[in-house]
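Everything on this sheet refers to the single structure shown next.
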Number of protein chains: 2
Amino acid sequence: MDVNARTDQMMARLREEGYKITPQRIAIVKVLAESKGHPSVERIYETVQGVFPTVSMATIYRNVMIIKALGEVLELGFADGSNRYDGNKPYPHPHMICINCKRVTDPEVGSLEDMTQTLSAETGFQIISHRLDFFGICRSCQRKKANFQ
Amino acid sequence: MDVNARTDQMMARLREEGYKITPQRIAIVKVLAESKGHPSVERIYETVQGVFPTVSMATIYRNVMIIKALGEVLELGFADGSNRYDGNKPYPHPHMICINCKRVTDPEVGSLEDMTQTLSAETGFQIISHRLDFFGICRSCQRKKANFQ
DNA sequence: TTTTCTGCAAATGCTTTGCATGGGA
DNA sequence: TCCCATGCAAAGCATTTGCAGAAAA
């Protein structure tokens, strides 16, 4: 989905829910609406800081939490606290994570519907959501490594 | 794999690597060798405490880290800090996680080899590992919920 | 005897919260 | 004008680290 359209969509949702439209909030939503980067809180902070130098981490955390509670952003939580966010495709989908540069990309793959169906039928587990991550070395990092050898 | 056999295997590995065999360490390994529960650090602590009342969290954390570094335990990290550990099957495999009781079980499913192959071929990403979690409500919790309605 | 390990307590570092001020509606 | 939102600073909290004594080899 187009970034601007997605931004408008998220802003409309916030307005609907009674949240006020502040410049900081708009800036945060804009960063989240771009899925490509799968930004971290730190990254969102740095980007917003470029426009509002006095913005605080608290504001970033509070807004990301609000938007997440509305289901408008997908949180990819990691145990080391390096969470990443996707506001462009806020529904479960596979990710490829480079363990070297930490880049997160969305591969083009079929969904896991077959496996989900099978699991539900066999175990009686009512599946609500899933998460599938592939860890490895991205093309770019493979090239860089080759240059050192 | 049998729990005792797996315990011996892990202990042997620790000995090989030059680690000393302490009673606390043995107790921790025993808890990890049982995959069924996918225990948390807290759970390991409580269990070991049953035998060594003065054991400290620091000892649990240090030992789990050592065993993890040896690749003898799979860490299922969660952003909220509620990490779970599997020392019986310390390699990537799908998990089913009940969002109600937090129970973690291993479903019987085929691996993701096909998808992994396809992704590697299409994107050039060198896949080293993966993680697949299904979130939902387990049978037991579905029954309990039914009782309240 | 030497070296590692443990338990305690303090430090760390990210995230959350309280509060007074500022800014939307 | 009325609240909600922000920024700052302090509080929280799970995890990690430093250190001295205890235990393994």
Side-chain angles (χ1 to χ4, degrees), chain A residues 8 10-32 39-70 72-73 75-85 102, chain B residues 10-32 38-70 72-73 75-85 102:
Chain A
D8 293 345
M10 293 172 82
M11 291 310 300
R13 187 73 201 290
L14 283 167
R15 204 174 286 119
E16 272 172 31
E17 300 285 336
Y19 291 102
K20 294 182 175 174
I21 307 306
T22 68
Q24 292 92 332
R25 192 159 275 167
I26 297 173
I28 292 166
V29 166
K30 275 187 182 166
V31 179
L32 289 175
S40 61
V41 169
E42 189 65 37
R43 188 84 190 74
I44 300 168
Y45 176 63
E46 289 166 6
T47 306
V48 176
Q49 224 179 15
V51 192
F52 301 97
T54 64
V55 75
S56 69
M57 269 294 203
T59 295
I60 309 294
Y61 275 108
R62 275 189 285 236
N63 279 288
V64 170
M65 274 193 294
I66 287 170
I67 299 165
K68 177 183 151 197
L70 296 181
E72 295 293 332
V73 69
E75 180 181 63
L76 281 185
F78 294 95
D80 67 355
S82 63
N83 295 3
R84 306 286 285 264
Y85 297 87
K102 313 301 179 193
Chain B
M10 292 171 82
M11 291 310 302
R13 187 74 201 289
L14 283 167
R15 206 174 284 118
E16 272 173 28
E17 300 285 338
Y19 290 102
K20 294 182 175 174
I21 307 305
T22 68
Q24 292 92 333
R25 192 159 276 165
I26 297 172
I28 293 166
V29 166
K30 275 186 183 167
V31 179
L32 289 175
H38 297 81
S40 61
V41 168
E42 189 66 36
R43 188 85 191 72
I44 299 169
Y45 176 62
E46 289 166 5
T47 306
V48 175
Q49 225 180 12
V51 192
F52 301 98
T54 64
V55 75
S56 69
M57 270 293 204
T59 294
I60 309 294
Y61 276 108
R62 276 188 286 234
N63 278 288
V64 170
M65 275 194 294
I66 287 171
I67 299 166
K68 178 183 151 197
L70 296 182
E72 294 293 330
V73 70
E75 179 181 64
L76 281 185
F78 294 95
D80 67 355
S82 64
N83 295 4
R84 306 287 286 264
Y85 297 87
K102 313 301 180 192

For this session: Return the value, rounded to whole Å, for the distance between atom CD1 of B/I60 and atom P of D/dT17.
Result: 17 Å
Problem set entry | Rounded interatomic separation in angstrom, taking CG from B/D80 and C1' from C/dT16 | 15 Å
Problem set entry | Residues which pass side chain to side chain donor-acceptor pair (under 3.5 Å) with B/R43, listed by chain and number, not counting sequence neighbours | B/T47
Exercise. D/dT6 P sits how many Å from A/L14 CG, rounded?
Worked result: 11 Å
For this session: Report yes or no: does A/R84 contribute a side-chain atom to a donor-acceptor pair with the main-chain N or O of A/L76 at less than 3.5 Å?
Result: no
Problem set entry | Closest-nucleotide ordering on DNA chain D, the 5'-leading residue of B/S82 and B/Y19 | B/S82
Problem set entry | side-chain contact (heavy atoms from CB on, under 4.5 Å) partner of B/M10, chosen from B/L70, B/I26, B/I67, B/I28 | B/I67
Exercise. In whole angstrom, what separates A/R15's CZ from D/dC4's C1'?
Worked result: 16 Å
For this session: Output all residues satisfying side chain to side chain contact (heavy atoms under 4.5 Å, CB included) with A/M65, sequence neighbours left out; order by chain, then residue number.
Result: none
For this session: Assign each of B/G18 and B/A58 to its nearest nucleotide of DNA chain C by heavy atoms, then name whichever residue's nucleotide is nearer the 5' end.
Result: B/G18
Exercise. Between B/S56 and C/dC8, does any side-chain N or O lie under 4.0 Å from OP1 or OP2?
Worked result: no
For this session: State, to 0.1 Å, how close A/A79 and B/G77 come at their nearest heavy-atom pair, and which atoms those are.
Result: CB-CA, 3.6 Å
Exercise. So, for A/V73 and A/V64, which heavy atoms are closest and what is the spacing to 0.1 Å?
Worked result: CG1-O, 4.3 Å
Problem set entry | N/O donor-acceptor pair under 3.5 Å between B/R15 side chain and B/I21 backbone | no
Problem set entry | Value in whole Å for how far the P atom of C/dT4 lies from CD of B/E17 | 14 Å
For this session: Just call it for B/V55: base, sugar-phosphate, or nothing, with non-hydrogen atoms closer than 4.0 Å on any strand.
Result: sugar-phosphate
For this session: Round to the nearest Å and state the distance from A/M57 atom CE to D/dG12 atom C1'.
Result: 17 Å
What pairs of nitrogen or oxygen atoms, one from the protein and one from nucleotides 19-24 of chain C, lie under 3.5 Å apart?
from	atom 1	to	atom 2	distance (Å)
C/dG23	N2	A/K20	NZ	3.4
C/dG24	N2	A/K20	NZ	3.3

Problem set entry | Value in whole Å for how far the C1' atom of C/dG13 lies from CZ of A/F78 | 19 Å
Seminar exercise, completed: Taken in chain and number order and not counting sequence neighbours, the residues that satisfy salt bridge (Lys or Arg N to Asp or Glu O under 4.0 Å) with A/K68 are A/E75
Seminar exercise, completed: Closest of C/dT6, D/dT6, D/dT16 to the B/M65 side chain is D/dT16
For this session: Ignoring hydrogens and angles, tell me if any N or O in the side chain of B/R25 forms a donor-acceptor pair with the backbone of B/N63 under 3.5 Å.
Result: no
Exercise. Listed in order of residue number, which residues of residues 46-54 of chain A have a non-hydrogen atom at under 4.0 Å from DNA chain C?
Worked result: none
For this session: Give a yes/no on whether any side-chain N or O of B/Q24 is located under 4.0 angstrom from OP1 or OP2 of D/dA23.
Result: no
Problem set entry | Under 4.0 angstrom between B/N83 side-chain N/O and D/dA14 OP1 or OP2 | no
Problem set entry | Non-neighbouring partners of A/E17 that pass salt bridge (Lys or Arg N to Asp or Glu O under 4.0 Å), sequence neighbours left out | A/R13
For this session: Round to the nearest Å and state the distance from B/R25 atom CZ to C/dT6 atom C1'.
Result: 10 Å
